[in-house]
Amino acid sequence: MFNQLHGRLVRLAPSLLRAPARWMPFALQQKLMGALLSRIFSDALADGDFAFLQDRWLRIEVRDLQLGWFISSSEAGLIIAEQAPQTDVTFSAELNDLILIAGRKEDPDSLFFQRRLRIEGDTELGLEVKNLMDSIDLAVLPSVLRYALQDFSGFVQRGLAQPMASERAL
């Protein structure tokens, strides 16, 4: 019974979070996203690994939350915007899949070939972004954040592994 509840909670979470996430003012989303990405990519930013994104715009979409952000780079760091003059490449996925990618429970390539991660637009730029994501060392995160991410992504992975009631009936 708890396994069924676990699976149901993981599958329903995006629909429960959609309204609160969309009501969050963009300025707060921008601040949170900027702080998180700057922390995760601190080494890459210091090494200039984001130079390929200058004057180019990456759109990140969380399809089931109906949220999206535009990300670019400047000498001052990452830019997170609500709108952009153009979209060079778009990465889109469901919330749970993005959590699995972040926690290294799923490989972006696998999700791409399963059509759960969509990469549209400039293919070369998309590949550079994907390679940069693959190069993230979770060890640079504070241990509390790293363990929380690993535990949470494991929770999501186990929940998604639970069969739906309709699948059990077959």
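Quantities reported herein were computed from a predicted structural model and do not represent experimental measurements.
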*Asks:* Taking all heavy atoms of Met24 and all of Gln29, pick out the closest pair and write down the distance.
*Replies:*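 Smallest interatomic distance, heavy atoms only, reads O-NE2, 2.8 Å.
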
*Asks:* What distance separates Phe91 CZ from Leu111 CG, expressed to the nearest 0.5 Å?
*Replies:*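 With rounding to 0.5 Å, CZ (Phe91) is 12.0 Å from CG (Leu111).
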
*Asks:* Within the side chain of Thr87, is there an N or O that forms a donor-acceptor pair under 3.5 Å with the backbone of Val89?
*Replies:*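 It does not hold such a pair.
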
*Asks:* Apply the test side chain to side chain contact (heavy atoms under 4.5 Å, CB included) to residues Val156 and Lys105: give CA-CA distance (whole Å), side-chain angles for both, the deciding distance (0.1 Å), then the verdict.
*Replies:* CA-CA 9 Å; Val156 169; Lys105 303 293 183 192; over 6 Å; no

*Asks:* Mind running side chain to side chain contact (heavy atoms under 4.5 Å, CB included) on Val10 and Phe155 for me, showing each step along the way?
*Replies:* CA-CA 8 Å; Val10 168; Phe155 178 82; 3.7 Å; yes

*Asks:* Nearest 0.5 Å please: distance from the CD atom of Glu128 over to the CG atom of Leu125.
*Replies:*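 Answer for the CD-CG pair, Glu128 versus Leu125, is 6.0 Å.
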
*Asks:* Determine whether more than 12 heavy atoms belonging to other residues, nucleotides or ligands lie under 6.0 Å from atom CZ of Phe152.
*Replies:*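 Count not over threshold, so no.
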
*Asks:* Using a 4.5 Å cut-off on heavy atoms from C-beta on, say whether the side chain of Leu132 contacts that of Phe50.
*Replies:*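 With C-beta onward as the side chain, the pair touches.
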
*Asks:* Pair Thr90, Glu61 - check side chain to side chain contact (heavy atoms under 4.5 Å, CB included), show working.
*Replies:* CA-CA 7 Å; Thr90 300; Glu61 290 180 359; 4.0 Å; yes

*Asks:* Between Arg18 (side chain only) and Pro14 (backbone N and O only), is there a donor and an acceptor less than 3.5 Å apart?
*Replies:*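 Judged by distance alone, no pair lies under 3.5 Å.
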
*Asks:* Nearest 0.5 Å, please: how far is OG in Ser73 from CG in Asp49?
*Replies:*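 If I round to the nearest 0.5 Å, the distance is 10.0 Å.
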
*Asks:* Answer yes or no: does atom CZ of Arg8 have more than 12 heavy-atom neighbours from other residues, nucleotides or ligands under 6.0 Å?
*Replies:*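 Counting other residues, nucleotides and ligands, CZ of Arg8 stays at 12 neighbours or fewer.
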
*Asks:* Whether the side chain of Arg11 engages the backbone of Leu160 through a donor-acceptor N/O pair (distance < 3.5 Å, no angle test) should be reported.
*Replies:*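 At least one qualifying donor-acceptor pair exists.
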
*Asks:* Could you check if a side-chain atom of Glu94 sits within less than 4.5 angstrom of a side-chain atom of Val62, using non-hydrogen atoms only?
*Replies:*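 Result no, sub-4.5 Å side-chain heavy-atom pair not found.
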
*Asks:* With rounding to the nearest 0.5 angstrom, report the CG to CZ distance, Asp47 to Phe41.
*Replies:*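 Going from CG on Asp47 over to CZ on Phe41, the span is 13.0 Å.
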
*Asks:* Would you indicate whether the side-chain heavy atoms of Arg39 and Pro142 approach each other to under 4.5 Å?
*Replies:*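 Counting from C-beta outward, Pro142 and Arg39 do come under 4.5 Å.
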
*Asks:* Any link between Leu65 and Leu12 through a network of hydrophobic side chains (Ile, Leu, Val, Met, Phe, Trp, Tyr) touching at under 4.5 Å?
*Replies:*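 Not linked; separate clusters.
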
*Asks:* Is it the case that one hydrophobic cluster holds both Ile99 and Ile101, taking links as side-chain heavy atoms less than 4.5 Å apart, direct or via other members?
*Replies:*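 Yes: a chain of side-chain contacts under 4.5 Å links Ile99 to Ile101.
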
*Asks:* Flag yes if Ile60 and Trp57 sit in one hydrophobic cluster, no otherwise; membership is Ile, Leu, Val, Met, Phe, Trp, Tyr, and two members link when side-chain heavy atoms are under 4.5 Å apart.
*Replies:*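 Ile60 does not cluster with Trp57.
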
*Asks:* Can a donor-acceptor pair be found between the side chains of Trp69 and Glu82 at a distance below 3.5 Å?
*Replies:*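 Side-chain D/A pair, Trp69 to Glu82: absent.
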
*Asks:* When clusters are formed by joining ILVMFWY residues with side-chain heavy atoms under 4.5 Å apart, either directly or through shared neighbours, do Phe26 and Leu28 land in the same one?
*Replies:*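 Not linked; separate clusters.
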
*Asks:* Nearest 0.5 Å please: distance from the CZ atom of Arg146 over to the CG atom of Leu138.
*Replies:*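 Rounded to the nearest 0.5 Å, the CZ-CG separation comes to 8.0 Å.
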
*Asks:* Would you kindly say whether Gln86 and Asp88 are connected by a side-chain donor-acceptor distance under 3.5 Å?
*Replies:*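 Side chains of Gln86 and Asp88: pair found under 3.5 Å.
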
*Asks:* Return the CE to NZ distance between Met133 and Lys130, rounded to the nearest 0.5 Å.
*Replies:*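 Here the rounded value is 8.0 Å.
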
*Asks:* Would you check, one step at a time, whether the test side chain to side chain contact (heavy atoms under 4.5 Å, CB included) holds for Asp109 with Leu117?
*Replies:* CA-CA 8 Å; Asp109 289 331; Leu117 171 64; over 6 Å; no

*Asks:* Looking only at atom types and distance, does a side-chain atom of Ser153 sit under 3.5 Å from a main-chain N or O of Gln150, one as donor and one as acceptor?
*Replies:*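 Checked: pair present.
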
*Asks:* Looking at Tyr147, I'd like to know if its OH atom is crowded, meaning that more than 12 non-hydrogen atoms belonging to other residues, nucleotides or ligands lie closer than 6.0 Å.
*Replies:*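 Incorrect, the count does not exceed 12.
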
*Asks:* Tell me whether Ile40 shares a hydrophobic cluster with Ile79, the cluster being built from Ile, Leu, Val, Met, Phe, Trp, Tyr side chains joined at under 4.5 Å.
*Replies:*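 No, separate clusters.
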
*Asks:* Any sub-3.5 Å donor-acceptor pair from Asp122's side-chain atoms to Glu124's backbone N or O?
*Replies:*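 Looks like yes, one N/O pair under 3.5 Å.
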
*Asks:* For the side chain of Ser72 and the backbone of Arg56, is there at least one donor-acceptor N/O pair under 3.5 Å apart?
*Replies:*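 Yes; at least one donor-acceptor contact below 3.5 Å.
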
*Asks:* Counting only heavy atoms not in Arg104 (residues, nucleotides, ligands), do more than 12 fall under 6.0 Å from its CZ?
*Replies:*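 Counting other residues, nucleotides and ligands, CZ of Arg104 exceeds 12 neighbours.
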
*Asks:* A side-chain contact here means heavy atoms from C-beta on lying under 4.5 Å apart; do Ser15 and Asp64 qualify?
*Replies:*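 No, too far: nothing below the 4.5 Å cut-off.
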
*Asks:* Compare all side-chain heavy atoms of Arg118 with those of Arg63 and state whether any distance is below 4.5 angstrom.
*Replies:*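 Yes, at least one pair of side-chain atoms sits under 4.5 Å.
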
*Asks:* Considering only heavy atoms from C-beta outward, does the side chain of Ile80 approach that of Phe70 to under 4.5 Å?
*Replies:*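 In short, these two side chains do not touch, never coming nearer than 4.5 Å.
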
*Asks:* For Asp55, does the CG atom sit with more than 12 other heavy atoms under 6.0 Å from it, leaving out its own atoms?
*Replies:*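 No, CG of Asp55 has 12 or fewer neighbouring heavy atoms, counting only those of other groups under 6.0 Å.
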
